[in-house]
Amino acid sequence: MAVRHKCFISYHHANDQSYRDSLVRWSDENGIFIDASVDSGDIDDSLTDQRIREKIRDEYLRDSTVTILLCGTETKNRKHIDWELYSSMFDGSVNKKSGILVVNLPVVGETYFHAGHGQQEKSALYSSTTTWVNIDTRSEYERRYPYMPARLIDNLLVNTAKISVVNWSHLTDPSVLRLLIELTHQDRAQAVYDMSRSMMRANARAFSIF
């Protein structure tokens, strides 16, 4: 039987709770992962960046090895999501860094995807894709993923973070999500994250991209 890894799900609670609930229910029905999510929304934002990071890493993420980000229309504007991503990337002395998997929700209308784990992922999920494009500019990532948190684009650019971006529509077979979580779990120790961006101190205002 495949190992069920503990996953922390990061998402915008007001907008995307139904997707989180559906994912957890589907996982429970198919034995995909163990939900280790805890609401970190009650953290005092007057704390220092270091203390916020320590609290999330050691109190909320401590039992998880994979962070699944559900990317909706307001995800990139939420400070708590940025804190959770930053803390997932932090390699603590006790609780080590997590691997990160991004799932674009249907509300963002994405068709692009990013395979961060090499040929095994490409063969399993995208066997019909014959041409792969290397992207090396921020503007192109922002064009393709207009709702993606800036911290994640930082890390897609460095090419060492081993982050995959998959669309919700790809997750029709439990084996697909199971494989993505397993590859993310396996590659987390080798992931080198760009953590140079300061943590968000307030939610950003939402602007229409259309």
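Bear in mind that the values here come from a model prediction, so they are computed numbers and not experimental data.
- Residues Arg78 and Glu74 approach most closely at CG-O, 3.2 Å, considering heavy atoms.
- Summarising the geometry, atom CD1 belonging to Ile100 is positioned 5.0 Å from atom OG belonging to Ser88; distances are rounded to the nearest 0.5 Å.
- Under a 3.5 Å cut-off, the side chain of Arg151 and the backbone N or O of Arg197 do form a donor-acceptor pair.
- Taking the six-membered ring where tryptophan is involved, the planes of Tyr141 and His114 are perpendicular, since the angle between them exceeds 60° and thus also 30°.
- A heavy-atom distance below 4.5 Å is found between the side chains of Leu152 and Leu85.
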List the steps and the verdict of side chain to side chain contact (heavy atoms under 4.5 Å, CB included) for Leu101 and Leu69. CA-CA 6 Å; Leu101 170 64; Leu69 175 74; over 6 Å; no
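- Closest approach of His13 and Gln17 over heavy atoms only: O-CB, 3.4 Å.
- Using modelled atom types and a 3.5 Å distance limit, the side chains of Thr65 and His185 yield a donor-acceptor pair.
- Nearest heavy atom pair, residue Pro106 against residue Tyr19, reads CD-CE2, 3.5 Å.
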For a side chain to side chain contact (heavy atoms under 4.5 Å, CB included) check, start with the C-alpha distance between Val158 and Val192, then their side-chain angles and the critical distance, and finish with the verdict. CA-CA 9 Å; Val158 298; Val192 180; over 6 Å; no
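- Of the possible donor and acceptor atoms, one in the side chain of Arg138 sits under 3.5 Å from a partner among the backbone N and O of Ala150.
- Judged purely by distance below 3.5 Å, without hydrogens or angles, the side chains of Tyr145 and Glu110 never pair a donor atom with an acceptor atom.
- The closest donor-acceptor contact from the side chain of Ser164 to the backbone of Gly116 lies under 3.5 Å.
- In terms of heavy atoms, Ser64 sits closest to Leu61 at OG-O, 2.8 Å.
- Grouping the Ile, Leu, Val, Met, Phe, Trp and Tyr side chains by contacts below 4.5 angstrom, directly or via other members, places Leu23 apart from Ile34.
- Screening Arg188, Gln190, Glu182 for a side-chain hydrogen bond (donor to acceptor under 3.5 Å, both in side chains) with Gln186, the sole residue that qualifies is Glu182.
- The backbone N or O of Val66 lies less than 3.5 Å from no partner atom in the side chain of Thr184, so there is not a single donor-acceptor pair.
- Side-chain N or O atoms of Asp91 include one that pairs as donor or acceptor with a backbone N or O of Lys97 at under 3.5 Å.
- Minimum heavy-atom separation, Phe33 to Ile181: CD2-CD1, 3.6 Å.
- Residue Arg144 holds its CZ atom at 11.0 Å from OG of Ser139, rounded to the nearest 0.5 Å.
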Stepwise side chain to side chain contact (heavy atoms under 4.5 Å, CB included) check, Val102 with Leu70: CA-CA 6 Å; Val102 180; Leu70 302 183; over 6 Å; no
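- Side-chain contact between Asn159 and Asn134 is absent, with no heavy atoms from C-beta onward closer than 4.5 Å.
- Formation of a donor-acceptor pair under 3.5 Å by the Lys76 side chain with backbone atoms of Pro146 is found in this model.
- Counting only distance, with no hydrogens or angles, the side chain of Asp82 and the backbone of Met200 share a donor-acceptor pair below 3.5 Å.
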List the steps, then state whether side chain to side chain contact (heavy atoms under 4.5 Å, CB included) holds for Arg4 with Ile32. CA-CA 6 Å; Arg4 294 174 65 196; Ile32 303 174; over 6 Å; no
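- At least one donor-acceptor pair under 3.5 Å links the side chain of Arg57 to the backbone N or O of Lys96.
- Under the 4.5 Å side-chain heavy-atom criterion for grouping Ile, Leu, Val, Met, Phe, Trp and Tyr, Trp132 is connected to Leu183 within one hydrophobic cluster.
- By the 30° and 60° cut-offs, the orientation of the rings of Phe113 relative to Tyr126 is parallel.
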Yes or no on salt bridge (charged side-chain N to carboxylate O under 4.0 Å, His left out) for Arg201 and Asp49, after CA distance, side-chain angles and deciding distance? CA-CA 9 Å; Arg201 302 305 302 187; Asp49 285 5; 2.3 Å; yes
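- Applying the 6.0 Å contact sphere to CD of Gln120 captures no more than 12 heavy atoms from other residues, nucleotides or ligands.
- In this structure, Leu180 and Leu171 have side chains that are in contact, with non-hydrogen atoms separated by less than 4.5 Å.
- For the atom pair CZ (Phe8) and OG (Ser87), the distance works out to 9.0 Å, reported to the nearest 0.5 Å.
- Residues Thr67 and Glu84 bring no donor and acceptor atom of their side chains to less than 3.5 Å of each other.
- Taken from OG1 in Thr172 to CH2 in Trp26, the straight-line distance is 7.0 Å, to the nearest 0.5 Å.
- The shortest distance between side-chain heavy atoms of Cys71 and Pro149 falls below 4.5 Å.
- Looking only at distances, a side-chain donor or acceptor of Arg178 sits under 3.5 Å from a matching main-chain atom of Asn30.
- Linking ILVMFWY side-chain heavy atoms closer than 4.5 Å, directly or via other members, places Met199 and Ile153 in a single hydrophobic cluster.
- Judged by distance alone, the side chain of Asn167 and the main-chain N or O of Ser169 form no donor-acceptor pair under 3.5 Å.
- Screening Val108, Asn77, Leu105 for a side-chain contact (heavy atoms from CB on, under 4.5 Å) with Tyr147, the sole residue that qualifies is Val108.
- For the residue pair Asn155 and Asp194, no side-chain donor N or O sits within less than 3.5 Å of a side-chain acceptor on the partner.
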